[in-house]
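Reading through the structure tokens given below for one structure.
The chains referred to below are lettered A, B, ... by the order of the sequence lines, with proteins before strands, and numbering in each begins at 1. Computed from a prediction, not measured in an experiment: that's the story for all the values here.
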Number of protein chains: 2
Amino acid sequence: MYGSVDNMNDHQILATAKLRATTQRLAMLKEMRKIHGPFTVERLHKMCRSMDVVTVYRNIKSLVAVGVMREVRLKDASLRYEFSPGEETHHHHAVCNSCGYIEELSECKMHSLFSQQTSKKFKSIDEHVLEFFGTCNSCSKK
Amino acid sequence: MYGSVDNMNDHQILATAKLRATTQRLAMLKEMRKIHGPFTVERLHKMCRSMDVVTVYRNIKSLVAVGVMREVRLKDASLRYEFSPGEETHHHHAVCNSCGYIEELSECKMHSLFSQQTSKKFKSIDEHVLEFFGTCNSCSKK
DNA sequence: TTTTAATTGCAAGTCACTTGCATGTATGGT
DNA sequence: ACCATACATGCAAGTGACTTGCAATTAAAA
């Protein structure tokens, strides 16, 4: 539906999503591009201090609604967000329980597991969550 | 550490966990045994109306702390709980996006995927989350 | 430009818990 | 069986992460 975020500028993304190119949205997109990995609204708002948190919440929600971004639930209370990857780059995360370091894992090899893991009581599976939690190398040295 | 919940009575579970056998805890354990699949505190409290929700929250937390129960995060805002399965019965869930039906999947076949999916930047992975979301058979007929 | 519908900011509200504290009670010692 | 006390409970209030209402702005269509 959308070209990858990588080959579209922020105005194009908003236009395609039928969202107005406001100062706030453009600032948010600019800052989000600087972040690696799934971020919290709190973190993004720290980078966009000029606008209200509510605006950050609402705009992120709009971007999720149109498919530009996706929501990720890791262990903590806050939801996290990241640019929605296309099917071919669908991926998961490994989270360090000690320092919170989040790594994006290269590729999703889950499809073959669907039929094995899923029961006969389901007509279709259209989503799944797979996250790993452990200790990263640098934390294991401390 | 603990015998399976199946072959211990509620007094034994609490004794082993060094938790006092209060009226509330015994009532909670009794009701929890009637529930299939991961439940919310709200649901359990509806079955234990005689006590305060705070007590339900606190006791569930204690049971998680001693390993009798485990926390499961599905898509909704509330945490869910279920009796902590032993290693050999570690499992995941399939959730119907339409009616909320939750099925426990028979067995976890994830271990072989750990090394494939996880990066070289992690010393160890000691936990993972795998949940499927889709439409169950009966909802697909509606 | 002018119009107008989308967007924003501020304040207030909600939901799912969590904490403080005074009262109550299970259990270990006598 | 009784007492002492550390653990539990209930009620009220607090917190964190959002969500909603509404009047004031502002992007963009006319």
Note: for Tyr81(B) and Ala21(B) on DNA chain C, the residue whose nearest nucleotide lies more 5' is Tyr81(B)

Tested for side-chain hydrogen bond (donor to acceptor under 3.5 Å, both in side chains) against His45(A), the lone hit among Arg49(A), Glu42(A), Arg43(A) is Arg49(A)

Per atom distances to the Thr23(B) side chain, the nearest of dA16(C), dC18(D), dA26(C) is dA26(C)

Fill in: Polar side chain donor-acceptor pair, Glu131(A) to His93(A), under 3.5 angstrom
yes

Whole-Å distance, Leu79(B) CG to dT18(C) P, equals 8 Å

Comparing Leu19(B) with Val54(B), nearest DNA chain D nucleotide closer to 5' gives the residue Leu19(B)

Among dT9(D), dT26(D), dA17(D), the one nearest any side-chain atom of Arg20(A) is dT26(D)

Taken to the nearest whole Å, NE2/His45(B) to P/dC17(C) is 14 Å

Bend of the helix from dT1(C)-dA30(D) to dT30(C)-dA1(D) from end-axis comparison, five pairs per end, nearest 10°, comes to 30°

Rounded to whole Å, CZ of Arg58(B) lies from P of dC21(C) at a distance of 13 Å

Quick note, Gln24(B) side chain, CB onward, closest among dA12(D), dA17(D), dT9(D) is dT9(D)

Would you say a side-chain N or O of Thr22(A) is under 4.0 Å from OP1 or OP2 of dT7(C)?
no

Whole-Å distance, Asp52(B) CG to dC17(C) C1', equals 12 Å

- prompt: Should Thr55(A) be listed as having a side-chain N or O under 4.0 Å from OP1 or OP2 of dT8(C)?
  reply: no

To the nearest angstrom, the CE-C1' distance between Met51(A) and dT25(D) comes to 15 Å

Residues Met51(A) and Thr55(A): closest non-hydrogen pair is SD-CG2, 4.3 Å

Review point. When you check the side-chain N and O atoms of His128(A) and His92(B), is any donor under 3.5 Å from an acceptor?
Key: no

To the nearest angstrom, the CZ-P distance between Arg43(A) and dC18(D) comes to 16 Å

Exercise. Can you check whether Gly37(A)'s main-chain N or O pairs, donor with acceptor, with Glu82(A)'s side chain at less than 3.5 Å?
Worked result: no

To the nearest angstrom, the CD-P distance between Glu42(B) and dT14(C) comes to 16 Å

Rounded to whole Å, NZ of Lys18(B) lies from P of dG28(C) at a distance of 11 Å

**Message:** Does Lys75(B) qualify as a cation-pi partner of Phe133(B), given the criterion of NZ or CZ under 6.0 Å from the six-membered ring centre and within 45 degrees of its axis?
**Reply:** yes

Quick check against the 3.5 Å criterion: does Arg25(B) have a side-chain atom that pairs as donor or acceptor with the backbone of Arg20(B)? yes

